[in-house]
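Below: one structure, written as C-alpha coordinates.
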Amino acid sequence: MYEKTENILKMARESNTAVISFICMDYTMARAVVYAAEAANTPAMVMLYPEHVTVQHTTGFANYAAMVKELAGEVKVPIGLHADHDFTYDAIMNTIGAGFESVMIDGSMNDLDTNIALTKKVVLKAHELGVCVEGEIGHVGAAAASDNANEDLYTKADAAEKFCRETGVNSLAVSIGNAHGEYKDTPHLDIPRLEEIHAATDVSLVLHGGSGIPDDQLLIAFSKGINKFNLGTEFLGKYYDAVAAFSLENAENPDPVKIINLPEYVQGRLQPYLEERLKTLCHF
(Lines give C-alpha, C1' and ligand atoms only; values in the text may rest on other atoms or scores of the structure.)
Protein backbone atom coordinates (compact mmCIF):
# COMPACT_ATOMS: atom_id res chain seq x y z
CA MET A 1 0.00 0.00 0.00
CA TYR A 2 1.12 3.51 -0.69
CA GLU A 3 2.09 5.36 2.49
CA LYS A 4 3.30 8.89 3.08
CA THR A 5 6.96 9.25 4.00
CA GLU A 6 6.22 11.04 7.25
CA ASN A 7 4.25 8.02 8.45
CA ILE A 8 6.97 5.55 7.44
CA LEU A 9 9.58 7.67 9.22
CA LYS A 10 7.37 7.68 12.31
CA MET A 11 7.19 3.90 12.17
CA ALA A 12 10.97 3.71 11.87
CA ARG A 13 11.51 6.04 14.82
CA GLU A 14 9.11 4.09 17.00
CA SER A 15 10.92 0.86 16.09
CA ASN A 16 14.39 2.41 16.51
CA THR A 17 15.34 1.36 12.99
CA ALA A 18 15.58 2.76 9.46
CA VAL A 19 13.63 2.36 6.25
CA ILE A 20 15.72 1.71 3.15
CA SER A 21 15.09 4.17 0.35
CA PHE A 22 16.21 2.53 -2.89
CA ILE A 23 17.23 4.58 -5.92
CA CYS A 24 15.16 3.20 -8.80
CA MET A 25 15.61 4.57 -12.29
CA ASP A 26 12.78 2.63 -13.94
CA TYR A 27 9.84 0.24 -13.54
CA THR A 28 12.04 -2.86 -13.36
CA MET A 29 13.94 -1.60 -10.31
CA ALA A 30 10.84 -0.18 -8.63
CA ARG A 31 8.82 -3.37 -9.04
CA ALA A 32 11.68 -5.44 -7.65
CA VAL A 33 11.78 -3.22 -4.54
CA VAL A 34 8.02 -3.31 -3.98
CA TYR A 35 7.76 -7.09 -4.25
CA ALA A 36 10.91 -7.68 -2.20
CA ALA A 37 9.39 -5.52 0.55
CA GLU A 38 6.21 -7.59 0.40
CA ALA A 39 8.19 -10.85 0.62
CA ALA A 40 10.22 -9.49 3.55
CA ASN A 41 7.09 -8.00 5.16
CA THR A 42 9.05 -4.79 5.64
CA PRO A 43 8.26 -1.17 4.66
CA ALA A 44 10.44 0.29 1.91
CA MET A 45 10.75 3.43 -0.16
CA VAL A 46 11.20 3.91 -3.89
CA MET A 47 13.32 6.95 -4.66
CA LEU A 48 13.88 8.90 -7.86
CA TYR A 49 17.08 10.79 -8.53
CA PRO A 50 15.88 13.74 -10.64
CA GLU A 51 18.76 13.39 -13.10
CA HIS A 52 17.26 10.09 -14.21
CA VAL A 53 14.55 12.29 -15.73
CA THR A 54 16.51 15.37 -16.77
CA VAL A 55 19.76 13.74 -17.96
CA GLN A 56 19.35 9.99 -18.54
CA HIS A 57 15.67 10.26 -19.60
CA THR A 58 14.73 6.87 -18.15
CA THR A 59 11.34 8.12 -16.97
CA GLY A 60 9.26 11.26 -16.35
CA PHE A 61 8.35 12.81 -13.02
CA ALA A 62 4.58 12.38 -13.24
CA ASN A 63 4.57 8.91 -14.74
CA TYR A 64 7.17 7.75 -12.21
CA ALA A 65 5.04 8.95 -9.28
CA ALA A 66 1.93 7.31 -10.74
CA MET A 67 3.86 4.10 -11.45
CA VAL A 68 5.12 3.75 -7.88
CA LYS A 69 1.72 4.47 -6.37
CA GLU A 70 0.16 1.85 -8.65
CA LEU A 71 2.80 -0.72 -7.68
CA ALA A 72 2.33 0.10 -4.00
CA GLY A 73 -1.38 -0.61 -4.38
CA GLU A 74 -0.55 -4.18 -5.40
CA VAL A 75 0.99 -5.11 -2.01
CA LYS A 76 0.08 -4.92 1.67
CA VAL A 77 3.30 -3.50 3.13
CA PRO A 78 3.80 0.29 3.32
CA ILE A 79 5.64 1.66 0.28
CA GLY A 80 6.86 5.26 0.18
CA LEU A 81 7.76 7.51 -2.73
CA HIS A 82 10.54 10.09 -2.50
CA ALA A 83 12.44 12.44 -4.82
CA ASP A 84 16.13 12.71 -3.93
CA HIS A 85 18.43 15.74 -4.37
CA ASP A 86 16.79 18.78 -5.94
CA PHE A 87 18.71 22.03 -5.69
CA THR A 88 16.30 24.88 -6.43
CA TYR A 89 12.87 26.03 -5.32
CA ASP A 90 11.48 25.82 -8.86
CA ALA A 91 12.76 22.27 -9.35
CA ILE A 92 11.13 21.18 -6.10
CA MET A 93 7.81 22.76 -7.04
CA ASN A 94 7.90 20.95 -10.39
CA THR A 95 8.52 17.64 -8.62
CA ILE A 96 5.71 18.24 -6.15
CA GLY A 97 3.37 19.20 -8.97
CA ALA A 98 4.13 15.88 -10.65
CA GLY A 99 2.74 13.94 -7.69
CA PHE A 100 5.60 13.55 -5.21
CA GLU A 101 4.59 14.01 -1.57
CA SER A 102 8.15 13.65 -0.25
CA VAL A 103 11.11 15.65 -1.59
CA MET A 104 14.66 16.64 -0.72
CA ILE A 105 15.98 20.17 -1.10
CA ASP A 106 19.76 20.08 -1.00
CA GLY A 107 21.25 23.46 -0.15
CA SER A 108 24.28 21.94 1.55
CA MET A 109 26.76 23.44 -0.93
CA ASN A 110 25.73 26.91 0.28
CA ASP A 111 26.70 28.63 3.50
CA LEU A 112 24.48 27.86 6.48
CA ASP A 113 22.31 30.99 6.31
CA THR A 114 21.68 30.58 2.57
CA ASN A 115 20.89 26.90 3.06
CA ILE A 116 18.44 27.78 5.82
CA ALA A 117 16.74 30.46 3.73
CA LEU A 118 16.31 28.18 0.70
CA THR A 119 15.15 25.20 2.73
CA LYS A 120 12.71 27.29 4.78
CA LYS A 121 11.15 28.70 1.60
CA VAL A 122 10.64 25.18 0.26
CA VAL A 123 9.28 23.87 3.56
CA LEU A 124 6.71 26.65 3.94
CA LYS A 125 5.19 25.97 0.52
CA ALA A 126 5.58 22.21 0.67
CA HIS A 127 3.85 21.94 4.03
CA GLU A 128 0.95 23.98 2.69
CA LEU A 129 0.61 21.21 0.09
CA GLY A 130 0.98 18.37 2.59
CA VAL A 131 4.46 17.44 1.36
CA CYS A 132 7.29 16.07 3.53
CA VAL A 133 10.70 17.76 3.14
CA GLU A 134 14.22 16.46 3.74
CA GLY A 135 17.09 18.92 4.07
CA GLU A 136 20.85 18.54 4.39
CA ILE A 137 23.38 20.17 6.66
CA GLY A 138 27.10 19.58 6.39
CA HIS A 139 27.77 18.12 2.95
CA VAL A 140 27.60 14.49 1.81
CA GLY A 141 30.27 14.55 -0.89
CA ALA A 142 31.67 11.98 -3.30
CA ALA A 143 33.32 8.75 -2.18
CA ALA A 144 35.53 8.86 -5.27
CA ALA A 145 37.11 12.01 -3.85
CA SER A 146 37.33 10.47 -0.36
CA ASP A 147 34.98 13.16 0.94
CA ASN A 148 33.78 10.70 3.58
CA ALA A 149 37.13 11.24 5.34
CA ASN A 150 36.98 15.05 5.13
CA GLU A 151 35.76 16.18 8.54
CA ASP A 152 35.36 19.74 7.27
CA LEU A 153 32.25 18.46 5.46
CA TYR A 154 30.79 16.73 8.50
CA THR A 155 27.56 17.89 10.13
CA LYS A 156 27.93 19.87 13.35
CA ALA A 157 25.33 19.33 16.05
CA ASP A 158 24.81 23.01 16.85
CA ALA A 159 24.34 23.88 13.18
CA ALA A 160 21.92 20.97 12.78
CA GLU A 161 19.84 22.20 15.71
CA LYS A 162 19.67 25.72 14.27
CA PHE A 163 18.87 24.42 10.80
CA CYS A 164 16.01 22.18 11.96
CA ARG A 165 14.56 24.80 14.28
CA GLU A 166 14.58 27.58 11.69
CA THR A 167 13.50 25.58 8.62
CA GLY A 168 10.93 23.15 10.01
CA VAL A 169 12.21 20.22 7.91
CA ASN A 170 10.72 16.78 8.49
CA SER A 171 14.04 14.96 8.16
CA LEU A 172 17.72 15.80 7.94
CA ALA A 173 20.49 14.21 5.85
CA VAL A 174 23.75 14.20 7.79
CA SER A 175 27.42 13.84 6.95
CA ILE A 176 29.18 11.60 9.46
CA GLY A 177 31.74 9.72 7.38
CA ASN A 178 29.44 8.74 4.55
CA ALA A 179 29.62 9.80 0.88
CA HIS A 180 27.92 9.13 -2.43
CA GLY A 181 29.27 6.46 -4.76
CA GLU A 182 31.82 3.68 -4.32
CA TYR A 183 34.21 4.03 -1.38
CA LYS A 184 37.96 3.69 -1.94
CA ASP A 185 38.41 2.24 1.54
CA THR A 186 36.07 0.94 4.22
CA PRO A 187 34.19 3.94 5.63
CA HIS A 188 33.98 4.57 9.34
CA LEU A 189 30.90 6.39 10.59
CA ASP A 190 31.41 8.96 13.33
CA ILE A 191 28.90 7.50 15.78
CA PRO A 192 29.66 9.94 18.65
CA ARG A 193 28.94 12.82 16.26
CA LEU A 194 25.69 11.12 15.22
CA GLU A 195 24.69 10.83 18.88
CA GLU A 196 25.34 14.55 19.37
CA ILE A 197 23.24 15.44 16.31
CA HIS A 198 20.44 13.14 17.42
CA ALA A 199 20.41 14.69 20.90
CA ALA A 200 20.35 18.22 19.44
CA THR A 201 17.49 17.66 16.97
CA ASP A 202 13.99 16.24 17.02
CA VAL A 203 13.65 15.06 13.41
CA SER A 204 14.38 11.80 11.63
CA LEU A 205 17.98 11.62 10.46
CA VAL A 206 18.93 10.31 7.03
CA LEU A 207 22.09 8.51 5.90
CA HIS A 208 23.07 8.97 2.24
CA GLY A 209 25.85 7.02 0.53
CA GLY A 210 24.81 3.70 2.01
CA SER A 211 26.54 1.38 -0.46
CA GLY A 212 29.68 -0.13 1.08
CA ILE A 213 29.15 0.83 4.72
CA PRO A 214 29.55 -2.33 6.85
CA ASP A 215 26.31 -3.72 8.26
CA ASP A 216 27.50 -3.54 11.86
CA GLN A 217 28.05 0.21 11.53
CA LEU A 218 24.68 0.66 9.84
CA LEU A 219 22.82 -1.17 12.59
CA ILE A 220 24.48 0.96 15.24
CA ALA A 221 23.64 4.12 13.31
CA PHE A 222 20.01 3.01 12.98
CA SER A 223 19.84 2.62 16.76
CA LYS A 224 21.25 6.14 17.20
CA GLY A 225 18.72 8.15 15.20
CA ILE A 226 19.12 7.23 11.52
CA ASN A 227 15.58 6.48 10.32
CA LYS A 228 16.11 6.55 6.55
CA PHE A 229 18.97 4.95 4.67
CA ASN A 230 19.59 5.64 0.97
CA LEU A 231 20.89 2.81 -1.19
CA GLY A 232 21.75 3.47 -4.83
CA THR A 233 25.24 2.62 -6.12
CA GLU A 234 25.17 -1.00 -4.99
CA PHE A 235 21.63 -1.55 -6.29
CA LEU A 236 22.43 -0.01 -9.68
CA GLY A 237 25.49 -2.26 -9.86
CA LYS A 238 23.33 -5.33 -9.22
CA TYR A 239 20.99 -4.18 -11.99
CA TYR A 240 23.89 -3.89 -14.44
CA ASP A 241 25.19 -7.33 -13.47
CA ALA A 242 21.75 -8.87 -14.05
CA VAL A 243 21.45 -7.27 -17.49
CA ALA A 244 24.96 -8.47 -18.37
CA ALA A 245 24.11 -12.00 -17.24
CA PHE A 246 20.95 -12.01 -19.35
CA SER A 247 22.92 -10.86 -22.38
CA LEU A 248 25.55 -13.55 -21.86
CA GLU A 249 23.01 -16.32 -21.35
CA ASN A 250 21.09 -15.28 -24.46
CA ALA A 251 24.03 -14.58 -26.75
CA GLU A 252 23.18 -17.62 -28.91
CA ASN A 253 19.41 -17.33 -28.55
CA PRO A 254 17.97 -16.76 -32.05
CA ASP A 255 14.65 -15.39 -30.81
CA PRO A 256 14.39 -11.88 -32.35
CA VAL A 257 12.25 -10.62 -29.47
CA LYS A 258 14.22 -12.17 -26.60
CA ILE A 259 14.59 -8.71 -25.05
CA ILE A 260 11.00 -8.87 -23.81
CA ASN A 261 12.13 -11.42 -21.22
CA LEU A 262 14.75 -9.09 -19.77
CA PRO A 263 12.60 -7.33 -17.11
CA GLU A 264 11.34 -10.56 -15.55
CA TYR A 265 14.85 -12.03 -15.59
CA VAL A 266 16.38 -8.95 -13.96
CA GLN A 267 13.69 -8.75 -11.28
CA GLY A 268 14.33 -12.40 -10.47
CA ARG A 269 18.00 -11.57 -9.93
CA LEU A 270 17.39 -8.39 -7.93
CA GLN A 271 14.66 -9.51 -5.57
CA PRO A 272 16.72 -11.96 -3.45
CA TYR A 273 19.38 -9.28 -2.93
CA LEU A 274 16.74 -6.74 -1.91
CA GLU A 275 14.99 -9.15 0.43
CA GLU A 276 18.31 -9.90 2.15
CA ARG A 277 19.06 -6.20 2.64
CA LEU A 278 15.61 -5.55 4.09
CA LYS A 279 15.64 -8.56 6.42
CA THR A 280 19.19 -7.91 7.62
CA LEU A 281 19.00 -4.16 8.22
CA CYS A 282 15.38 -3.21 8.94
CA HIS A 283 13.83 -4.23 12.25
CA PHE A 284 10.26 -2.93 12.23
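Keep in mind it's a predicted model, so treat the numbers as computed, not measured.
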Q: Could you give me the CA-CA distance, side-chain angles and deciding distance for R269 and E249, then say whether salt bridge (charged side-chain N to carboxylate O under 4.0 Å, His left out) is met?
A: CA-CA 13 Å; R269 287 292 189 101; E249 290 181 22; 3.1 Å; yes
Using the test side-chain contact (heavy atoms from CB on, under 4.5 Å), find all partners of [X] that sit at least two apart in sequence or belong to another chain.
{"X": "A18", "answer": "F222, I226, F229"}
{"X": "N94", "answer": "F61"}
{"X": "S102", "answer": "T5, H82, C132"}

Q.
Under the rule for side-chain hydrogen bond (donor to acceptor under 3.5 Å, both in side chains), what residues qualify as partners of E196, not counting sequence neighbours?
A.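 In terms of side-chain hydrogen bond (donor to acceptor under 3.5 Å, both in side chains), with neighbours along the sequence ignored, E196 is linked to no residue.
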**Q.** Of all pairs that satisfy side chain to side chain donor-acceptor pair (under 3.5 Å), the ones with a partner from residues 16-26, not counting sequence neighbours
**A.** D26-Y239
Q. With sequence neighbours left out, which residue pairs that include part of residues 250-284 fulfil the ring pair (Phe, Tyr, Trp, His ring centres under 6.0 Å) condition?
A. F246-Y265
I'd like to check the salt bridge (charged side-chain N to carboxylate O under 4.0 Å, His left out) partners of [X]; sequence neighbours left out, ordered by chain and number.
{"X": "K125", "result": "E128"}
{"X": "E161", "result": "R165"}
{"X": "K238", "result": "none"}
{"X": "E166", "result": "K162"}

Q. How would you list, by chain and number, every residue that makes a ring-ring contact (aromatic ring centres under 6.0 Å, His included) with H198, sequence neighbours excluded?
A.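 H198 satisfies ring-ring contact (aromatic ring centres under 6.0 Å, His included) with no residue once adjacent residues are dropped.
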Give every donor-acceptor pair under 3.5 Å between a side-chain atom in residues 68-75 and any protein atom, sequence neighbours left out.
from : atom 1 : to  : atom 2 : distance (Å)
K69  : NZ     : G99 : O      : 2.8
E74  : OE1    : Y35 : OH     : 2.5

